[in-house]
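Heads up, the thing below is written out as structure tokens.
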Amino acid sequence: MQTADDGPPIVMTRGKGTAHGRLRDMGSYVMGLNWHPTLPSCILALSALVATASVLARPDEAEQPLVVEAFATPEATPAILGDYCSRCHNDNDKVANLSLDDVRNGDLFHGRNMEIWEKVLRRTRQGEMPPLNKPQPTAAARAAFVQWLESGLDAYAAKHPDPGRATIRRLNRVEYANAVRDLLALDVDVSRELPQDNSGYGFDNIADVLSVSPTLMDRYIAVASKVGRLATGLTSRREFVTSYEVPKDGSVMNGGRPAYNERASDDLPLGSRGGGAFTYYARYDATYEISGWLNANTNNETDRQPEDKVSVRVPLKSGAHVIGLSFRRQLAPDESVQTLRNDLDKVPVPTAAPVMLPMDVSVDGVRVKTVNVRSYRMSPRYSQQNFPRDVLQIDVAGPFSPKGVGRTPSRDRIFICKPRRASAEAACARQIVGALARRAYRRPVNDNDLTPLMRVYATERAQSDFEHGIEAAVEAILVSPHFLFLVEQDPVGSKPGGVRRLTDLELASRLSFFLWSSIPDDTLLSLAETGQLQKPGVMDAQITRMLADPRAQVLTTNFAGQWLYLRNLDQQRPDISIFPKFDTRLRRAMAQETEMFFTYVLRTNRSLLDFIAADYTFLNQRLADHYGIGGITGTAMRRVTLDPASNRGGLLGQASILTVTSYGNHTSVVKRGKWILDNLLAASPPPPPPDVPALQEKHDGRLLTAREQLELHRKSPACAACHVKMDPLGFSLENFDAIGAFRQKDAGQPIDVSARMPDGTQFAGLSGLKRILLSQKDEFASAFTERLLTYALARGVDARDMPAIRTITRSAAADGYRIQTVIKGIVHSAPFTLRRTTGQ
């Protein structure tokens with residue numbers, strides 16, 4: 001009998017008329033054995049079979065004896081592949097560009113054909129192969145094969161860890177902005193001043209697509225120059241205007257832009273309505289002019305007439321401030337609507353004289369000035385008075401009469417020493433530059449790091465003064481390759497292709513950019529510098545601490561924003577003639593619901609299964625009305641327990657997801673089904689063939705429902721193979737229209753949300769879809785882990801990573817699928833903690 005190291009694994013099949021003994025009688029013995037290279041392969045296979053067969057065997061086959069089929073040589077092909085797969089996947093036919101002619105039983109012990117084996121494992125475990133119209137192995141045989149294959153792949157990976165190719169990675173624009181903020185304590189978002197980054201594998205932090213060009217470096221230099229001046233307080237005293245356009249709906253029927261009698265932002269005073277607020281960085285202690293451009297109630301709201309501008313001057317201390325403009329909420333607003341006359345001879349003129357309305361100017365949430373404005377302005381283009389006065393744009397101009405740079409968090413962070421005489425300047429500068437470079441480069445710095453920075457300081461100091469010299473050094477740090485790139489340097493003499501464990505400092509950077517999209521803080525960096533980070537319990541404690549920090553919100557905005565396509569919500573343009581109730585308030589509430597939902601699951605360490613079937617969500621009155629849920633008043637979002645009859649719950653009941661998977665004027669069964677396969681099951685269908693015909697919207701003059709359109713579409717064999725998987729998932733969500741509202745009819749006909757999975761399982765509606773997904777909870781947990789690992793590693797995952805993903809998923813399953821267990825599993829995994837050396 002051959003051992004696991006030199007002999008073939010075996011495949012278990014179930015057959016009739018065999019008499020090799022029932023394995024359940026051996027269960028008490030073989031179940032006690034663990035995988036070990038010295039155990040005979042047949043015992044390993046028996047153990048795997050007993051572990052799965054009793055659970056997965058069909059009832060009508062329970063009394064059939066199990067046959068253990070051993071292969072004669074390591075070069076044999078597993079029988080299940082030969083019997084069911086090789087008919088299509090061979091060198092001649094090569095269906096789906098896959099041939100199994102070269103795979104052999106012994107591959108799993110020598111690391112050969114791993115990508116092919118992982119494909120076989122995924123498709124077989126998901127029940128996609130063999131196709132349902134082909135002969136099928138029994139459930140027990142399939143389960144035994146899957147267990148054997150998975151165990152073999154995982155065992156090889158455990159003995160031969162391969163963390164994949166290590167690539168030098170540039171910080172993307174969000175990471176750069178966050179790093180600048182945390183390095184210099186500067187509350188200014190510079191990400192929009194850098195070009196948008198390319199995406200790969202669904203994320204914009206992937207090393208392979210973060211290219212560098214001369215134009216991009218010019219932008220980094222320009223941004224670094226601006227940041228250096230702001231952080232040190234040495235900006236120009238020249239006045240200039242910073243503008244913020246308040247998110248508003250477009251003009252309604254050419255009759256003005258709507259305004260609402262409700263608080264527009266949590267940054268505005270209680271009892272306010274309309275207006276907006278944004279963060280403004282005051283460069284000096286000075287006077288600044290805050291202006292509001294008001295809606296003109298004309299038939300062209302893009303006009304910016306001086307008569308619609310209201311300005312006040314207020315003193316501001318240097319630093320970041322939230323500037324807001326708003327009106328007072330009316331207790332009993334006039335809800336009458338003026339009748340518009342669409343001809344050029346008559347212009348409707350209001351009969352009542354304008355009244356004066358108080359408009360409040362707030363700084364950091366506190367009213368500092370109130371100015372009275374007219375409730376409307378007469379104009380040659382006056383067309384209506386339906387909407388109350390509101391703010392469309394906020395301008396802040398200044399500084400006027402600057403008094404100098406006051407104390408700011410940035411200056412406190414930079415100027416940690418202040419030389420009292422010229423002879424002490426060089427030493428102080430070195431101390432300042434060294435402290436900043438240590439944080440920026442994410443490691444201790446030496447003379448080789450400091451010499452060029454001090455040269456920049458000295459050159460500028462000779463032409464100006466001490467603080468301008470520091471500013472020049474700060475700018476140099478912000479464009480240094482040590483800051484812009486994540487570089488993991490292998491020790492001198494490293495063997496090319498070898499695998500080593502990351503140093504504590506390297507691991508600290510990986511961890512901080514994973515959880516914070518930013519540089520390590522002093523706590524994390526100090527632990528790494530002293531070699532304590534990888535001691536037992538320390539890493540887990542740091543993960544818990546970092547997830548509780550506000551900076552972990554980037555996992556919602558960056559990871560979830562891309563995983564769930566939330567970033568696409570701003571680009572959705574529902575047809576207002578079909579969906580007249582869709583407005584800016586609803587769009588914002590949709591996004592907030594999903595963001596708060598993900599953040600809540602993350603911060604409270606809830607189960608991943610909440611993403612599928614949570615019995616709670618986050619609503620305000622606008623979104624609750626959209627969902628038909630009563631009892632919710634006000635603009636504030638709050639956690640709401642859902643009634644089982646609400647037709648909501650989980651991600652798939654949220655309007656944001658339902659909207660980004662629709663078109664502007666109708667739903668898309670295909671987009672929704674593909675979204676589920678891509679993001680919840682990691683079972684992406686292949687790309688569509690070329691020249692796919694458009695869906696037929698009418699037949700014999702009658703509007704077709706989505707189901708009828710796709711039934712016609714699936715008559716093409718080239719389309720049917722993929723649609724048979726996508727369409728049932730999408731059909732179950734057809735009760736939700738293109739903006740996520742519940743409906744009962746489409747194209748004037750009752751909606752049929754019944755569906756049938758490729759394996760014959762029938763279900764209906766969102767509740768049925770939840771049951772389908774919960775029955776595949778391990779696949780969902782694996783898919784989530786795969787997406788999060790891709791984001792954490794900043795590269796695409798491949799066959800080498802799948803054993804680690806399975807290990808993390810099993811660990812999470814044992815802990816109730818808690819999300820932080822997945823995160824900790826990723827941080828402790830071989831792909832995250834190891835590096836393949838490139839040699840020197």
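What you see is a predicted model, and the numbers here were worked out from it, not measured in a lab.
- Annotation: salt bridge (Lys or Arg N to Asp or Glu O under 4.0 Å) contacts of Glu529 (sequence neighbours excluded): Arg438.
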Q: Apply salt bridge (charged side-chain N to carboxylate O under 4.0 Å, His left out) to the pair Glu118 and Arg806, showing each step before the final yes or no.
A: CA-CA 12 Å; Glu118 285 290 350; Arg806 287 191 289 271; 3.0 Å; yes
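- Other residues, nucleotides and ligands contribute more than 12 heavy atoms inside 6.0 Å of the CD atom of Gln532.
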Q: Test salt bridge (charged side-chain N to carboxylate O under 4.0 Å, His left out) on Asp102 and Arg112 and set out the steps.
A: CA-CA 10 Å; Asp102 292 332; Arg112 293 192 297 258; over 6 Å; no
Q: Could you walk me through whether Met802 and Leu153 pass side chain to side chain contact (heavy atoms under 4.5 Å, CB included), step by step?
A: CA-CA 9 Å; Met802 298 313 296; Leu153 290 167; over 6 Å; no
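- Expressed to the nearest 0.5 Å, how far CG of Leu555 lies from CZ of Phe598 amounts to 6.0 Å.
- Under a 3.5 Å cut-off, the side chain of Trp516 and the backbone N or O of Met546 do form a donor-acceptor pair.
- Scanning for side chain to side chain contact (heavy atoms under 4.5 Å, CB included) contacts around Pro163 gives Val499, Leu834, Arg836, with sequence neighbours left out.
- The side chain to side chain contact (heavy atoms under 4.5 Å, CB included) check on Ser782 picks up Ile805, Thr809, with sequence neighbours excluded.
- A donor-acceptor pair is defined here as one N or O able to donate and one able to accept, closer than 3.5 Å; no such pair exists between the side chain of Thr661 and the backbone of Lys671.
- Each salt bridge (charged side-chain N to carboxylate O under 4.0 Å, His left out) pair with one or both residues in residues 198-210, not counting sequence neighbours, appears once here: Arg165-Asp208, Asp204-Arg567.
- Between the side chain of Asp815 and the backbone N or O of Tyr817 there is no donor-acceptor pair closer than 3.5 Å.
- Heavy atoms only, all atoms of each residue included: Phe483 and Ala179 are closest at CZ-CB, 3.7 Å.
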Q) For Tyr791 and Ser517, what are the C-alpha separation, side-chain angles and deciding distance, and is it a side chain to side chain donor-acceptor pair (under 3.5 Å)? A) CA-CA 10 Å; Tyr791 176 82; Ser517 295; 3.2 Å; yes
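- Judged purely by atom type and a 3.5 angstrom limit, Glu150 has no side-chain atom pairing as donor or acceptor with the backbone of Trp148.
- In terms of the side chain to side chain contact (heavy atoms under 4.5 Å, CB included) criterion, residue partners of Lys824 (sequence neighbours excluded) are, by chain and number, Asp540, Ile543, Thr544, His828.
- Every ring-ring contact (aromatic ring centres under 6.0 Å, His included) that Trp563 has, sequence neighbours left out, goes to Phe559, Phe611, Phe784.
- Minimum interatomic distance between Arg142 and Thr124 (heavy atoms only, all atoms of both residues): NH1-O, 3.0 Å.
- In terms of heavy atoms, Tyr84 sits closest to Pro130 at CB-CG, 3.6 Å.
- Using modelled atom types, no side-chain atom of Arg442 and backbone atom of Ser509 make a donor-acceptor pair closer than 3.5 Å.
- Residue Leu774 qualifies as enclosed at atom CG: its count of foreign heavy atoms under 6.0 Å is above 12.
- The minimum heavy-atom distance linking Arg795 with Ile206 is given by the pair N-CD1, 3.6 Å.
- A side-chain donor-acceptor contact under 3.5 Å links Gln534 to the backbone of Leu502.
- Counting all heavy atoms, side chain and backbone alike, Val209 lies closest to Gly200 at CG2-N, 4.0 Å.
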(Q) Working note: Asp490 + Arg835, criterion side chain to side chain contact (heavy atoms under 4.5 Å, CB included); need CA distance, chi angles, decisive distance, verdict. (A) CA-CA 9 Å; Asp490 294 323; Arg835 168 181 166 81; 2.7 Å; yes
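- Taking the six-membered ring where the residue is Trp, His160 and Tyr156 present parallel rings, their angle staying beneath 30° rather than reaching 60°.
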